[in-house]
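Worth saying up front: this structure is predicted, and the values here are computed from it rather than measured. When reading the values below, keep in mind they use all heavy atoms of this one structure, side chains included, and skip hydrogens, waters and symmetry mates. Lettering of chains follows the sequences in order, A, B, ..., and the numbering in each one begins at 1.
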2 protein chains.
Amino acid sequence: MESLSQTEENYLKAIFKISERDGDSVSNNAISMEMQTSAASVTDMIGRLSKKELVNYQKHRGVSLTDEGRQVATHLVRKHRLWEAFLVEKLSFTWDEVHDIAEQLEHIRSRVLVERLDEFLGFPRFDPHGDPIPDADGNFAVRKQVPLSELAVGDEGIVVGVQDHASSFLQYLDRVKLGLGAKVKMLEHFEYDESVKIRQSPDGELVLSKKVSQNLFVQKK
Amino acid sequence: MESLSQTEENYLKAIFKISERDGDSVSNNAISMEMQTSAASVTDMIGRLSKKELVNYQKHRGVSLTDEGRQVATHLVRKHRLWEAFLVEKLSFTWDEVHDIAEQLEHIRSRVLVERLDEFLGFPRFDPHGDPIPDADGNFAVRKQVPLSELAVGDEGIVVGVQDHASSFLQYLDRVKLGLGAKVKMLEHFEYDESVKIRQSPDGELVLSKKVSQNLFVQKK
DNA sequence: TAGCACTTTTAGATTGATCTAAAAATAAAT
DNA sequence: ATTTATTTTTAGATCAATCTAAAAGTGCTA
Ligand SMILES: [Mn+2]
Ligand SMILES: [Mn+2]
Ligand SMILES: [Mn+2]
Ligand SMILES: [Mn+2]
């Protein structure tokens, strides 16, 4: 268990992310996409991670994280999200500004630091984007949430997360006052372009494109 | 001005540190000592830093920082010390625990982050070890301080800094209640081993070895 | 001034991380 | 079941950062 390079950590995080999305076996291709590197580089790195028993790997068969690899990955996610929370809660960054800095901070090595930070923040369970912060054992809180687009007419809900983390999307949400915690009620589905009309508490009405309504998570109330 | 690797940054910081101590022209040897690397590696790196115009260099002639190199170095020191202050002030680390974590945090790249952190901490002028935190332009506060060993009998002072940052020294100081801010009065110099006896406010008396008294900075009162 | 000690540079290798181009394997389609 | 397309691996290079061993340069000392 000598310590990993940032690059190795980034690969593990990428593999974790993809396997959460697409299932346990992750293709070279998906990794090279996510990491923006050549397929050859991925093959090479997978070999190294495999030698360190962080991934299971047989040629042409895809990779999956071992328990240890998964631990490393979830710990990175934990650090990433805690730092994002720190930046927003304590240093008044906005939710569209924190990701890139957290990408760096997540590689800081100090178990104690992470636990102290967690405590300092009051043990937050979700990050500024509504994503769950795993606990020290790598367990994620689950929350029953649905894309806003799936609310039936008349349903009410609260915005609790975003699917897309692009700055432009987050800034758009700020502009239309649909940040985390916003109360919404579905008023109408338009068949034509799958846009929706919602009421946004207490008195605003808003039409949202398909893309927006599918990328916003709400909790039904 | 493409961005520097952590290694390059560490070399610049080392060169800065040595030149503060020993004068502007820094030898290969001193750097290899400070960085714990071979002289050959130093020569190699110096070549690279020179090509990037971060140091002035002619073979066998020693190196010195250019203005740009100096800027980078002082900014690293600024970040290092702000993070140390953060760890102590906000996350309740002790002064002997923070250096290694700050060695990592100092490489985080985000101008805004540094300025926000500075503000969050209330613009501290000194770090937990009493070292000055340079401002954004790289200017260090100067403070007239002397090693405790140089107080004359009867002189009073306040502990404001340490020369040696070793954990064991810092822990020793905690044990004998000689942290930053402690009030001391010189009572006696012992010629035999150059130890000293001091009064430590309000009522303690303490004998300190030469090594200790030379590594503690006080401000005369 | 000639010799010796110490410092610095060069030469040559290694390791991690990356690339492109080509070969091999797998998956999809005809 | 062949052929074709796509994915994955290999081969061979490059670049940064490091090392050891040897050569070259500086400078002190007798
Ligand atoms: Mn993020
Ligand atoms: Mn997030
Ligand atoms: Mn320090
Ligand atoms: Mn310090």
Parallel, tilted or perpendicular: which fits the ring planes of B/Phe86 and A/Phe120, with parallel below 30° and perpendicular above 60°?
perpendicular
Counting just side-chain N and O atoms, does B/Tyr57 come under 4.0 Å of either OP1 or OP2 of C/dT9?
yes
Between B/Tyr11 and the options B/Val55, B/Thr37, B/Val63, B/Leu54, the side chain to side chain contact (heavy atoms under 4.5 Å, CB included) test singles out B/Thr37
Report the distance from atom CD1 of B/Ile31 to atom C1' of C/dT9, rounded to the nearest whole Å.
14 Å
Between CD of A/Gln6 and C1' of D/dA16 the distance, given in whole Å, is 15 Å
Could you tell me the separation between the CZ atom of A/Arg61 and the P atom of C/dA27, rounded to a whole number of Å?
7 Å
Identify which nucleotide among C/dT8, C/dT26, C/dC19 has an atom closest to any side-chain atom of A/Thr37, counting heavy atoms from C-beta outward.
C/dC19
Atom-pair distance (CD1 on B/Ile46; P on C/dT10), nearest Å:
11 Å
Provide, to the nearest angstrom, the distance between the CE atom belonging to B/Met35 and the C1' atom belonging to D/dC19.
15 Å
Here's one to test your reading of the geometry: is the NZ or CZ of A/Arg81 within 45 degrees of the ring axis of A/Phe126 and under 6.0 Å from its centre?
no
When we call it a touch if two heavy atoms are under 4.0 Å apart, what does B/Ser38 touch: a base, just sugar-phosphate, or nothing?
base
Check this one for me: any side-chain N or O of B/Asn29 less than 4.0 Å away from OP1 or OP2 of C/dC6?
no
Given D/dT18, is OP1 or OP2 found less than 4.0 Å from the side-chain N or O atoms of B/Tyr11?
yes
Which nucleotide in the list C/dT26, C/dT8, C/dT18 gets nearest to the side chain of A/Asp44?
C/dT18
Minimum-distance nucleotide to A/Asn28 side chain [options: D/dT8, C/dT8, C/dT26]:
D/dT8
With a non-hydrogen cut-off below 4.0 angstrom, is B/Ser41 in contact with a base, only sugar-phosphate, or nothing?
base
A/Ala40 has its side chain closest, among D/dT10, C/dT26, C/dT18, to D/dT10
A/Leu105 backbone acceptor or donor facing A/Lys79 side chain under 3.5 Å
no
Of the candidates C/dT9, D/dT18, D/dT8, the side chain of B/Thr7 sits closest to D/dT18
From the set D/dT10, C/dT9, C/dA25, return the single nucleotide nearest to any side-chain atom of A/His60.
C/dA25
Should B/Lys59 be listed as having a side-chain N or O under 4.0 Å from OP1 or OP2 of C/dT10?
yes
Interatomic distance where CG belongs to B/Leu54 and P belongs to D/dA16 [whole Å]:
14 Å
Hey, does the side chain of B/Arg21 reach the backbone of B/Phe16 with a donor-acceptor pair shorter than 3.5 angstrom?
no
